[in-house]
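Let me begin by presenting the structure, written as structure tokens, before commenting on it.
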Protein chains: 2
Amino acid sequence: MNGTERPDLALLTNPTSDRVRSIRKLSGRSARLRAGRFVVEGPQAVREAVRAAGRSSGEGPARRQVVVHDLYATVEATHRQPEIVAMAAGAHLEVRLAGPEVIAAMADTVSPQGWIAICDLVGEPLDGILASAPRLVAVLSQVRDPGNAGTVIRAADAAGADAVVLTSSSVDVHNSKCVRATAGSLFHMPIVHGEPLETIVEIAREAGLRVFAADGAGDLDLDELQNDSASPLADPTLWIFGNEAWGLPGRSLGLMDAVVRVPVYGSAESLNLATAATVCLYASARMQRTLS
Amino acid sequence: MNGTERPDLALLTNPTSDRVRSIRKLSGRSARLRAGRFVVEGPQAVREAVRAAGRSSGEGPARRQVVVHDLYATVEATHRQPEIVAMAAGAHLEVRLAGPEVIAAMADTVSPQGWIAICDLVGEPLDGILASAPRLVAVLSQVRDPGNAGTVIRAADAAGADAVVLTSSSVDVHNSKCVRATAGSLFHMPIVHGEPLETIVEIAREAGLRVFAADGAGDLDLDELQNDSASPLADPTLWIFGNEAWGLPGRSLGLMDAVVRVPVYGSAESLNLATAATVCLYASARMQRTLS
């Protein structure tokens, strides 16, 4: 038995050590960019990161590269989630044991429930994604709320989308609230970030994707599109979702093939961004599978 | 011009007054129950509360009773949202002017952006709702996160649902995070709370509603149901959504006419509760409008 097959027995107990301080600093975006790393908290997200890292380093076609550098857990957490310990061993990752106060000091806003992983920032080049003949891509344009962004990444994963793209002015996907809201989907879905909307639309159109924006004032009704037996929703599609408060600016709407509204049948002014995006992505997923 | 037509000129400036303290206490559930009142924060929710109160007190068919007792705003807020001041006058409600520190002291977790209303707790009797031939009702069973509950209320309103029912063990809809997440829909939708799930299902079935539960392990696929030209989704339906972590207990699933899963086409383990509920409610809304 070597060191990678069981948890390290040297327990970290100092919540003010240099190691803990340097990890804690990764709660800030500029520190993450400098280090090229971010913090993953909680058993669900850590499990998916370790699983993806195992695929990346092991045999078989690795869908995408996920690099886990360090893995920390409380003794209790290794007993609660022995499957993460086993997966870590399979991925040649050492689990460093740490006291609960150390894990808490490493974490940002949420309870880490005994697990912390330090990973390389995620992100893939836009042209590579769009060259791989995707059928469904979600774009978040100037989305600022990390919970919304993470929820859309999770929903895009569930709807079988090929990638999620965040424009250069959107929230950082490595924000701890965003990572938590993705519920592990950050490590399933190819993520692109840092490109302006105009570039994304241009490359998508060259790749043969229809470009739809979701907007409450759109001239096409999503439900009517779903009831159309020759619906464009069945075609390969790039969906663009705008800011929580102001949506998409008028000059951006002009770039689209169509602006689609989720119909409001009751008295609500609008839908929450993440729920509207989910309805659109699922409509496309169903129509692509039904009509194609 | 009488006192109800323009803001009261006596500015409240003491954030530690008895009045402010007693309002601040309403952030606790037991204090809300004792007082029979809750705090509504922010211009969007306050606007919808005042609008609904105006309908309740005025002519025309009042869909439901919304009672606003007190209305507080900063001078700046009355300039930013003069339409709320006008609506308040129409509803014979006085706007009490208060300093920003007073408004902040009255509010709970979120920035009140200059507006606070004190309203009667909402809630209607279950049998009254189900006797009114509803076509679409959402039930939240043991849903504990106020943001999720509020987002589902907003989505149910958007999908044209007739009511939202919260079981006795669910979060309090008057929680400030829940109120905020409803984005005003708390004052559009009839809300029922405090009934056990078994009673809700029994009365719904007597009222002729199909009873569907949403569950990731359900045996019916929502997308296949949408592709069925004789789909039961077109019938009057009560949808039941379970707890964020554990869903619906097995004995509850046995009460349903069907357990329906939102299909997961990608690698996500599941959807977030509020997004899954939105997809189900919109599927029903579309099928009811298409096939009926």
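In what follows, every chain begins at residue 1, and chains take the letters A, B, ... in the order their sequences are listed.
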Requested in this report: Assess whether side chain to side chain contact (heavy atoms under 4.5 Å, CB included) is satisfied between B/Leu136 and A/Tyr265, documenting all intermediate values.
Outcome: CA-CA 12 Å; B/Leu136 187 57; A/Tyr265 297 117; over 6 Å; no

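- With chain B as partner, the option from A/Gln44, A/Glu48, A/Arg154 having the largest number of non-hydrogen pairs under 4.5 angstrom is A/Arg154.
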Query raised in the report: salt bridge (charged side-chain N to carboxylate O under 4.0 Å, His left out) between B/Asp215 and B/Arg261: does it pass, once the steps are laid out?
Result: CA-CA 5 Å; B/Asp215 189 283; B/Arg261 68 178 182 279; over 6 Å; no

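- For the set A/Ala285, A/Pro263, A/Ala156, the entry with the most heavy-atom pairs within less than 4.5 Å of chain B is A/Pro263.
- Inter-residue side-chain proximity for B/Arg286 and B/Gln226 is flagged as met; some heavy-atom pair is nearer than 4.5 Å.
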**Report entry** Residues B/Trp115, B/Val50; criterion side chain to side chain contact (heavy atoms under 4.5 Å, CB included); working and verdict
**Finding:** CA-CA 11 Å; B/Trp115 285 98; B/Val50 170; over 6 Å; no

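- For chain A, no part of B/Thr182 is nearby; none of its heavy atoms comes within less than 4.5 Å.
- Using a 4.5 Å cut-off between heavy atoms, B/Ala155 touches chain A through backbone and side chain atoms alike.
- Note: A/Ala158 leads A/Ala277, A/Ala158, A/Gly184 in heavy-atom pairs under 4.5 Å with chain B.
- In plain terms, the two heavy atoms of A/Leu166 and A/Val171 that are nearest each other are CD2-O, 3.6 Å.
- Between chain A and the options B/Ser270, B/Ala183, B/Ala283, B/Ala274, the largest number of non-hydrogen pairs under 4.5 Å is found for B/Ser270.
- For the pair B/Glu83 and B/Arg80, the tightest heavy-atom approach, listed with the atom from each and the gap, is OE1-O, 4.4 Å.
- Of the atoms belonging to A/Thr151, it is side-chain heavy atoms, and not backbone ones, that fall under 4.5 Å from chain B.
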